[in-house]
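Along the sequence shown, the residues carry numbers beginning at 1. Because the structure is predicted, anything quoted here is derived from the model rather than measured.
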Amino acid sequence: MALSRIWSAFIIVAIVVASIKCFFFGQTDIFNWMVIGKADDAANPLKLDGIIQTCWVSVELCLKLIGILALFMGLMSIAEKAGGIRLLSRIVGPFFSKLFPDIPKGHPSMGHMIMNFSANLLGLDNAATPFGLKAMESLQELNPAKDTASNAQIMFLCLHAAGLSLIPVSVIAIRASQNASNPTDVFIPCLIVTFVGTMAAMLIVSFKQQINLFQPVVIGWILGLSLIIASLVLYIRSLNAAGIQSFSGLLSNGLILFIFFIIILGALYKKIDVFDAFIDGAKDGFKTAINIIPYLVGMLVAISLLRTSGTFDVVINGIKSVFVYLGTDTRFVEGLPTALIRPLSGGAARGMMVSTMETYGADSFASRLSGVFQGASDTTFYVVAVYFGSVQIKNTRYAIGAMLLADLVGVCTAIGVCYLFFG
């Protein structure tokens, strides 16, 4: 129900804003560009896709997902039949049993979730999505109300959307391409913000679900993760920009190949029919990609209307006016467009970050803050549409509110950290 109201509000607000621009400010062509506009059309003043083009983009995105989903879900099928997922579940069981008390001990969903979190941690977006969808599918098997999100599904999705990531490779690469004097200077702020955002998501959902986090196992795992992150920070600080990119590629891509190797080797040891197991999982990947098309089309069209109507500009100008009136520093407002659009569209947020760099300079406070926003969270509404859509969840309960609240904590943390690091 919450998703339905938010989706409706997006469309209504966008059309109202566009109508005001059309009938009161003389922008008579805005309706045309909102419907039939193309971002690559030189005559399009908005430089954004309208709803027709967005429908095509949505379907193309799902079609591109088919190959990735088929590959990784095929490998997951091999790992399951070989017992690898059960082994992973037993390893993380003591910790996850506290966060997910409704999941039976040793259930495969725990292994799927840890694979998803690990992929996110290393910035493996292509691998994280199939692992996450498989986790939602496993959790759905335990869900007594099939059209309503379970506690476990909400906890998983909120932690996933918080986007804990070690190295924001794409942000560093874009800053380097924009000739930033130190492209990697956003690394530590991004790491701090994603960690705080993840802890905030855990606390928010745990409070709502009345989960006690002050238990030795939970505290031990959190401290252990904090120690690993601190050690990585110390090592990364000793590297230059090229070294960081090289280390990240070795760590992330090397891990993918290592996972392939271990899964196949384990399956051969267990005498599993490897290729048949792969095909069974790959078929599920194809079905999943097709199933999420309606959900993705609906969400991306609503987001397109918000963008092309100029609603974001109205919000940003309003926020800036408030802080100018209060007499406070307004430099952070120039980086806010990335934060506001990030929960809606990763690609749009990336474009907003580049635009901020081109407008204010790659070494400006606004550009650094924009980079931290981009590297410090996931696309909340995309995640909701894809992950809940994959298992036909209609009632998301308080999931969206919890995710957005964690996003807000991340935004506030990012602003504070950037003032601390960059003045």
Side-chain angles (χ1 to χ4, degrees), residues 1-13 95-104 107-110 112-114 116-117 120 128-129 131-164 197-213 218 288 291-292 294-303 306 342-345 377-411:
M1 198 65 178
L3 182 58
S4 177
R5 290 171 179 168
I6 291 171
W7 186 77
S8 300
F10 281 177
I11 295 175
I12 291 170
V13 169
F95 175 53
F96 271 26
S97 64
K98 307 301 181 184
L99 291 183
F100 302 92
D102 298 333
I103 300 178
H107 192 269
S109 59
M110 291 192 177
H112 298 149
M113 286 190 287
I114 196 63
N116 170 264
F117 293 144
N120 262 342
T129 299
F131 293 149
L133 292 175
K134 189 65 178 176
M136 286 294 284
E137 183 182 304
S138 299
L139 293 171
Q140 184 71 348
E141 294 172 2
L142 302 170
N143 188 2
K146 299 303 182 184
D147 64 343
T148 302
S150 66
N151 284 349
Q153 287 173 323
I154 292 174
M155 174 65 86
F156 164 64
L157 217 55
C158 287
L159 292 177
H160 169 83
L164 179 60
T198 301
M199 292 300 103
M202 185 185 299
L203 289 169
I204 291 165
V205 180
S206 295
F207 175 78
K208 186 71 175 178
Q209 298 181 2
Q210 297 182 339
I211 296 172
N212 179 20
L213 294 179
V218 176
T288 299
N291 286 340
I292 65 177
Y295 298 88
L296 201 58
V297 169
M299 186 56 68
L300 292 186
V301 163
I303 291 169
L306 278 178
R342 178 64 176 160
L344 302 173
S345 169
S377 64
D378 210 331
T379 48
T380 298
F381 288 99
Y382 172 85
V383 166
V384 168
V386 171
Y387 283 72
F388 280 134
S390 69
V391 289
Q392 284 77 57
I393 292 289
K394 295 183 176 67
N395 183 2
T396 60
R397 298 168 67 199
Y398 52 86
I400 296 176
M403 289 183 205
L404 292 177
L405 184 55
D407 284 344
L408 178 60
V409 171
V411 168

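- Identified under the salt bridge (Lys or Arg N to Asp or Glu O under 4.0 Å) test for residues 137-156, with sequence neighbours left out: K134-E137.
- Pairs of residues two or more places apart, or lying in two chains, never qualify as ring-ring contact (aromatic ring centres under 6.0 Å, His included) while including a residue from residues 132-153.
- Listed by chain and residue number, V17, T311 satisfy the side chain to side chain contact (heavy atoms under 4.5 Å, CB included) test with V13 (two or more places apart in sequence, or in another chain).
- Between F100 and F156, the ring center distance fails the sub-6.0 Å criterion.
- Taking each heavy atom of A149 and I393 in turn, the nearest pair found is N-CG2, 3.6 Å.
- Legend: ring-ring contact (aromatic ring centres under 6.0 Å, His included) pairs involving residues 386-405, not counting sequence neighbours, sorted by first then second residue: H160-Y387.
- Residues satisfying the side chain to side chain contact (heavy atoms under 4.5 Å, CB included) criterion with P294, sequence neighbours excluded, are absent altogether.
- Every residue was checked against the ring pair (Phe, Tyr, Trp, His ring centres under 6.0 Å) condition with Y382, not counting sequence neighbours, and none meets it.
- For T380, the side chain to side chain donor-acceptor pair (under 3.5 Å) test picks out D407, with sequence neighbours left out.
- Partners of S150 under the side chain to side chain donor-acceptor pair (under 3.5 Å) rule, at least two apart in sequence or in another chain, are Q153.
- Partners of T198 under the side chain to side chain donor-acceptor pair (under 3.5 Å) rule, at least two apart in sequence or in another chain, do not exist in this structure.
- The nearest pair of heavy atoms linking A145 to N143 is O-ND2, 3.0 Å.
- The two atoms that bring I204 and A406 nearest to each other are CD1-N, 3.8 Å, heavy atoms only.
- Annotation: side chain to side chain contact (heavy atoms under 4.5 Å, CB included) contacts of L213 (sequence neighbours excluded): L99, M202, L203, S206, I211, V218.
- H112 pairs by the side chain to side chain donor-acceptor pair (under 3.5 Å) definition with E80, S138, not counting sequence neighbours.
- By the side chain to side chain contact (heavy atoms under 4.5 Å, CB included) test, I11 is found to be paired with W7, I15, A302, L305, residues two or more places apart in sequence or in another chain being considered.
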